[in-house]
Amino acid sequence: MSNFTNSEQNKKNSEKQKVVLAYSGGLDTSVMCKWLQVEKGLDVVAICGNVGQDEANLEWVKQKALGMGAIASEAVDMREEYANDVITHAIAANALYEGTYPLLSALSRPIISKHIVEIAHKYGAAYVAHGCTGKGNDQVRFETSIHALDPDIKVLAPVREWDLHTREEEMAWAAKHGVPVPTTAAKPYSIDDNLWGRAIECGVLEDPWAEPPADIWTMTADPKDAPDEAEEIIVAFESGKPIALNGKRMPLLDLITSLNDVCGKHGYGRIDMVENRVVGIKSHECYECPASLALINMHKALETLCLDHDTLHYKEGIDSKWAETVYDGLWYSPLRLALDAFCSSAQVFVTGEVRAKLYKGSLVVTGRRSNYALYDYNLATYGDGDTFDRSASAGFIALHSLPSRTWSRVQGPASMLVAEKAEAAAAVAQLDRANLVEVSHTSQSKDGSEKYRSA
Ligand code: ARG
């Protein structure tokens, strides 16, 4: 059939372009592994990274890729690097997107991207490919990170391109092309997990009013089934980095793993939120983040002790911008580096210990101490040993209130208060009239559930 002689065929094969595929072992990336060969004529090098996810049997994943015709497959344990080079910065920045989400997916993408690019260079691959859908954040993060590391590499996103729109279509394509089809039923949720937590979306969670079903949680106990005894934990920090748990020094990776266990056992770390994706969609996500939430809250508690008033307040804005920048896929950016420089400068004296109590789904900080604490007992105390100079307060207040007094004299609050009173009275009268017509905004339906009725 071929017009090539063997050596010509070999030569042609060796001239085939290569693509490095971020491979997880699941249906999507397995089909993709074959699809890139069949549809794009590329040689596939699969890379499977361990960032601490549940499904981290890398040897199995690696063999599966080779079975799917990949010319090479590399398994990379990225956990230490993820903890030390990424998560450390996230803790320093108290990183919570929209004040709530510890960014577990957003933080893992840059480190995976770095390895993808390194492996592409090692194999001389012109292409890299990922398995993200076309409407999520992760495609943005992968491609932005990859292009920041190598502006010339070409990125393929087969899910955005191929005609396989349903799981059934994918299964049919897989069966036709000799890709093993999963025998287990499709999982009802989309899950992403690693050291820093677990994200759950889709299925019934697409209704933001739906209470998350009990079966979505795997890292955290149901708080009502958590131990009846509270448990105390103590985390030691050195310049903002957690270094010991309950007096035992350990690498950050082990500390996070241990905290996931102990906090998860007490049912701590569940999040149910609606968030703003970078592509403009609002999505309902649930997260389990026992270690990440514990470390961020305990780190914040130490900062209240060790950072001066102005730095602490200014840092709230820096922290929130850091989280947004990383969420938006800009890990490899001058802005993230500059924000990090602020955070790391602020961390120098964030050294000390924080104690917290875990009990049935909650974590409460119960103590903090540091050799660099700016908390001064003698200044704070109302008891003996008070060194605060109260006589200085009068002069301070005289100057602090000077703008208020000037404003009061010139523009005067008196007339404003009179006008406000009249407005308030009118508003109340109007409300009373409205209440006569519309009794209630919500009513009970026959099945007892609360139904929202728009007015
Ligand atoms: N919404 C989170 C983020 O964009 C998690 C994304 C991955 N979630 C998932 N269930 N697949 O960072």
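Any value given below was found using the heavy atoms of this structure, including those in side chains, with hydrogens, waters and symmetry copies removed. Both counts, for ligands and for their atoms, begin at 1 and track the order of listing.
- Numbered from 1 in the order shown, with element, the atoms of ligand 1 that lie under 4.0 Å from a heavy atom of E275 read 1 (N), 2 (C), 3 (C), 4 (O).
- Contacts between R277 and ligand 1 below 4.0 angstrom, taking non-hydrogen atoms only, are absent altogether.
- H121 and D150 form a side-chain donor-acceptor contact under 3.5 Å, judged by distance and modelled atom types alone.
- A donor-acceptor pair is defined here as one N or O able to donate and one able to accept, closer than 3.5 Å; no such pair exists between the side chain of E161 and the backbone of A157.
- Of all atoms in ligand 1, numbered sequentially from 1 with element shown, those under 4.0 Å from a heavy atom of R141 are 3 (C), 4 (O), 12 (O).
- For atom 2 (C) of ligand 1, the nearest non-hydrogen atom of the protein is Y287 OH, 3.1 Å.
- Within the 4.0 Å heavy-atom cutoff, Y97 does not count among the residues contacting ligand 1.
- Side chain of R277 to backbone of K135: a donor-acceptor contact under 3.5 angstrom is found.
- With a 4.0 Å cut-off on non-hydrogen atoms, E285 touches ligand 1 through its side chain and not its backbone.
- The atoms of ligand 1 that sit less than 4.0 Å from any heavy atom of N137 are 3 (C), 4 (O).
- For D138, every heavy-atom contact with ligand 1 shorter than 4.0 Å involves the side chain, none the backbone.
- When each of H89, E238, E303 is checked for a side-chain hydrogen bond (donor to acceptor under 3.5 Å, both in side chains) with Q347, only E303 meets the rule.
- Here the side chain of R369 pairs no donor or acceptor atom with the backbone of G352 at under 3.5 angstrom.
- Side chain to side chain, Y189 and D215 meet the donor-acceptor criterion of an N or O pair below 3.5 Å.
- Under the 3.5 Å distance criterion, with hydrogens and angles disregarded, a donor-acceptor pair is assigned to the side chains of E81 and H115.
- Residues I146 and I153 approach most closely at CG2-CG2, 3.4 Å, considering heavy atoms.
- Between Y101 and ligand 1 there is a heavy-atom distance shorter than 4.0 Å.
- At the top of the distance list for atom 9 (C) of ligand 1, counting protein heavy atoms only, stands E201 OE2, 3.2 Å.
- Heavy-atom proximity to atom 11 (N) of ligand 1, evaluated over G197, A199, S190, is greatest for S190.
- What sits closest to atom 7 (C) of ligand 1 on the protein, heavy atoms only, is S105 OG, 3.5 Å.
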